[in-house]
Every structure is written in C-alpha cells, then in structure tokens.
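Note that the structure is a prediction, hence the values are computed from the model and not measured.
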Amino acid sequence: MNVGKRPGIKSFLSLILLAVLGTVSFVQAAEGVAGTWRTAAEGPGGKVIMILQLQQDGMGTWTGTVKNSREPDRIRELQQLDVQGADVSFYIDTEVPNQDVTVRSKFLLRFRDTHDTLKGTVEVTAPGMQREVPVEFKRVVEQAGAEGMQFQSDRPMVGAWSARPDKDDKLRELQVEVLPDADAYKGTLTDTSIDETVAMRDLVIRDTSISFNFRFDGAPFMSSFWGRYDPDRDEMKGSMSIGGRSQRMTFARTSQGPDDIPDEFGTEKKPLPRKHQHKFAFTARVGYWVPLYILKDEVRNINDITTATWAVDVGLRYHLIDYLAIQLRYARGGLGFDTNQQNLDLFDPVDGPQGDGMSHALTTESFIPMDSIEFSLLGYVGQNWFPTSRFNPYFTLLAGRTTWELTSAGRGTEVVSIFEEPVKGTDWTFGGGLGTEYAFNHRFGLEFEWMWAYTLTGDEKLWADTEYQWTNQHVYRFSLGV
C-alpha cells in the first residue's frame, strides 16, 4: 500500500503545527523554562499558532499543556514531559480526522537564556513518513495595568481610574480603584491634593451604572458620585457631589483596559517603518522641460513653436508627518525655439502673417527664461502600498510665481516687444503630478518626478492678440535629483 498517497498524509506537518501552535496566555512567567511560550508557522490552511504552557509544582514535578489557533478550546496535556536543566522534551499525538492515522510530534528544545527562547526541533512521525523541522518558541510576557489590576471583560468597571476636577490644576487628581469582592464590589477614592484615601461606602454597580458615597476625615457632610460606564470610550462619566456642590466629572482608566488585551491567537501588528527619518530634507534636481502645444484652428502662436530645454531646481522640504510634506523650491529653466525656419518666419515683423508689431524677428537663438519660486504639497503613498520597499511614490500639487521674458537671442539679451510692450512679466504657475523617491539609506536617496505646469503668461490687457501671437504656457517637467 502506498501510504504516501493516502488523503491527508502529505499535510501531516501542518497537522502537527495545528496541534502545537498558539499565542499569549496572560500568566506571570516564572524563571527558566516555566511560563507561557508562543510560536507560529504557515501550513496549507494558513497560519497556525500554538501556545505552550510549562509549570513546576512545589515537589519539583513538571506539567504542561498545549493549544492551537485551529482548536482554541481544546487543551492537550504534554506526554512524557522531561525538563533537565535547560533541555525540554515531550511529545504530542494527533489523530487525523476521518482516518485511522495518528501523527506523533516529538519536541526536543533547549532554553536559551540570552534570547529568552525555547529553540530546537520537532520530529514528525506517521505511517510511512518521518520528518524533522526546526522550531522556536518565544516567551509571552504578562501585560498588567496599574498595580497589577487586569481588565475583566465581564466586570469592566473593575480597575483604576482618575479625573481632574480642575484642568488648570495639574497637581490635583481624584483617583478611584474598583475591586471585585465576591459577587459584589469594593473600592477606594484618593484626593491627591490632600493625600488622603477613603473607602467607598454603599458602592453599587448595576449593568453600566455606578454610585457610591465617601467622606474624608473632618468633612461635615457625606459626598457622593453617580455615573455610567461608556464602553465605547472606556470612561466613567457622571456627577460628583462634594459639600453640596455638584460637578460633572469624567474618570479615565489608568489600569489595563480592553485595548490592552490582544486576541490570544491574533497576529502581532508591527508598526510600519518610517520612510522619512528626518523632518527636514534638501532637494537638488536636474529637469527637462517639454512644452505642450494647444493648437487652435491649426494655427501656431509663439508658444507653440518652443522646444524643450534643461532646467535645475533646489528645494527645502518639511515632512509634517510621514505621509505628508510641504516644500519651498526655486526653479530655473526656460524654453528654446524651433529650428523649423518656416515656423519662425510666421512671426517675422516684416513679412510674417503673425508678426504684426513685433520688435525682433524670432530665431533659433531666441529664448524664454522662466524662474520660479514655488510652494508644493506632497502626499506619499509608499508606506501603505510598499511598506518594505525602497520606493516611496507620491502625488504633488504646485503653486508659485514665475518671472519670465521673451528674449531675442538667449537669456540676458534684449526683450522682444509687441507694439512697444515688452513680452515679460511675473505670473502665477500652477501644476500637479506624481513622482517617487528611492532611498539608499535614511539620509540619502534619488527622486524622479513628472509634473504638468501651467503658467499664466497671456495677458489680454498687454498683448491684444493672445490667440495668434502670445498666450499661456503649458510645460511637462521631468525631474531627476537627490
């Protein structure tokens, strides 16, 4: 008989882990191997978690149990548990459902004090199969609230609470402790301003309501509190009456609360790594500005015969949070002109059909310098989309002021005029785009960005013909820098 092909036999390894895997058990860990231990592994059915509990009685006898996330209510006793110093061994038998097959998992572990782990191997034995795999358990550390007061889901008002009667008085607190007393409750109230603690009288808790009386030494009257527990906010809200004066008061929990009790078989959530370790960043980039033509009636204006040129920009960036940054940037660029003489001749002051009123003929040496002071908003998505990647994509919006001019033969040369009005100005630039960072380390990285920018260079009050001669400027900016 070919045992290896029987249904379920190939999954014996996961069945072992099913019998062995688990998580936390909020008990105070003893020294050495005693305590609660946790491990996890991936099987055909997903992650399986196991809890191992080891304890020693006063006579020195060791006992232990195990449970797993697939069968959380089933607790198994460890068989032939043997603890010799730092060495631990035991086995567990698991019956395969609907099959007359038993899988034995034998554990050989060693306690490693420096790492606080139980590390070793598990030998899986079944008819026709034997396999050994490594395994490591980590100790589960008890989580407790103030003075060891643990949250009780069936009695949520048990715990330590505090409130400030006066928000401006940072030294005074009213501190309440509610404790179980058989089927009832008992408690105390402390006023830190007089450093006095008194026992609660007539403490009554029913469902979500709580009431009690108290009296400090020397007080002429009994004082009282009545309120309700808010499970959504984990607060006790009510009214405190002291000396005949009533005051609204909210007590916040200071001991362990419901959020401090993780799911026993839940997977621990680790915080996402930060993409930006520093609030401030300096950027320096080289850009390539490509004009975008918006042709009307198939007629080119001056802005439609420009060509791409190189640009540079430097910026100071401040990360408000890891997802969001603002930036102040100086960009120095511009646009050149077409080498197609036929297009340039359109704007000849003498013969050009669209050169009416121009002071200079356009040539391939003409230039539009564009220098900007810009404010940017950057929203990063890499921490959510690629939390472990060096890439960190972002979206960006831009607004700024651009100083520009149309020169006859390059930056710094004479400005071209139309009907004696110089073609230059300082106008708004708006834009939007996307980019990505690539981190070499937490201090240094590359950045690539694509942006569409729109500069309001057209002005009908200055240049009458904003359709066939001069209009607004559209540019695609491609930038690469550090």
Side-chain angles (χ1 to χ4, degrees), residues 3 8-45 47-97 99-143 262 264-265 267-268:
V3 177
I9 297 299
K10 64 179 181 180
S11 301
F12 281 153
L13 181 57
S14 64
L15 289 174
I16 311 164
L17 296 173
L18 188 150
V20 193
L21 292 174
T23 180
V24 297
S25 148
F26 305 97
V27 216
Q28 183 63 40
E31 294 182 356
V33 301
T36 306
W37 304 86
R38 179 184 190 270
T39 191
E42 293 289 342
K47 179 174 286 188
V48 188
I49 303 171
M50 164 184 151
I51 302 171
L52 179 66
Q53 182 75 42
L54 300 172
Q55 55 270 331
Q56 186 179 28
D57 61 22
M59 302 298 293
T61 302
W62 284 90
T63 58
T65 59
V66 67
K67 59 181 177 180
N68 69 79
S69 56
R70 297 279 177 80
E71 302 173 292
D73 297 327
R74 184 178 182 184
I75 300 177
R76 302 168 184 264
E77 297 288 337
L78 304 182
Q79 303 298 314
Q80 292 187 6
L81 173 60
D82 184 36
V83 179
Q84 299 292 334
D87 295 323
V88 181
S89 63
F90 58 88
Y91 73 83
I92 304 166
D93 284 339
T94 304
E95 295 76 27
V96 180
Q99 299 185 47
D100 187 19
V101 175
T102 298
V103 179
R104 173 161 294 186
S105 308
K106 185 175 182 179
F107 289 80
L108 299 175
L109 308 172
R110 175 176 285 271
F111 172 61
R112 299 175 182 269
D113 186 36
T114 55
H115 297 89
D116 202 20
T117 60
L118 289 174
K119 189 172 183 179
T121 61
V122 53
E123 183 182 83
V124 184
T125 305
M129 185 196 75
Q130 185 171 0
R131 187 174 180 182
E132 184 176 277
V133 294
V135 65
E136 181 177 3
F137 292 83
K138 295 182 179 180
R139 188 189 298 276
V140 175
V141 180
E142 175 189 2
Q143 296 183 10
E264 186 177 19
F265 293 107
T267 301
E268 179 183 1

Practice prompt. Take K119 and E136, measure what side-chain contact (heavy atoms from CB on, under 4.5 Å) needs, and give me the verdict at the end.
Written response: CA-CA 4 Å; K119 189 172 183 179; E136 181 177 3; 4.2 Å; yes

### Task
In plain terms, say whether E71 and R76 are close enough for a salt bridge, that is, a side-chain N and a carboxylate O under 4.0 Å apart.
yes

>> Is there a side-chain contact (heavy atoms from CB on, under 4.5 Å) between F111 and L109? Walk through the geometry before answering.
In response: CA-CA 7 Å; F111 172 61; L109 308 172; over 6 Å; no

Here the pair of heavy atoms bringing T102 nearest to P127 is O-CD, 4.0 Å

Do E132 and E123 have side chains that approach each other closer than 4.5 Å (heavy atoms only, starting at C-beta)?
yes

To the nearest 0.5 Å, atom CG of L118 lies from atom OG1 of T39 at 10.0 Å

One should read off an interatomic distance between I75 CD1 and N68 CG, to the nearest 0.5 angstrom, of 11.0 Å

ask   = Going through the checks in order, is the side-chain contact (heavy atoms from CB on, under 4.5 Å) test met by I51 and F137?
value = CA-CA 9 Å; I51 302 171; F137 292 83; over 6 Å; no

In this structure, CZ of R104 is separated from OG1 of T125 (nearest 0.5 Å) by 8.0 Å

Check your understanding: Which of parallel (below 30°), tilted (30 to 60°) and perpendicular (above 60°) describes F90 and F107?
Key -> parallel

Query raised in the report: Any side-chain heavy atom of V122 sitting closer than 4.5 Å to one from Y91?
Result: no

Q) Is a side-chain N or O of Q55 found less than 3.5 angstrom from the main chain of T63, in a donor-acceptor match? A) yes

So CG of L54 and OG1 of T65: to nearest 0.5 Å the spacing works out to 8.0 Å

Rounding to 0.5 Å, atoms CD (Q79) and OG (S105) come to a distance of 12.0 Å

The side-chain hydrogen bond (donor to acceptor under 3.5 Å, both in side chains) partners of R110 (sequence neighbours excluded) come to D87

Residues passing the side chain to side chain contact (heavy atoms under 4.5 Å, CB included) test with Q56, sequence neighbours excluded, are W62

Residues T61 and D57: closest non-hydrogen pair is N-OD1, 2.8 Å

Take I92 and V103 through the side-chain contact (heavy atoms from CB on, under 4.5 Å) test and state the conclusion after the steps. CA-CA 8 Å; I92 304 166; V103 179; over 6 Å; no

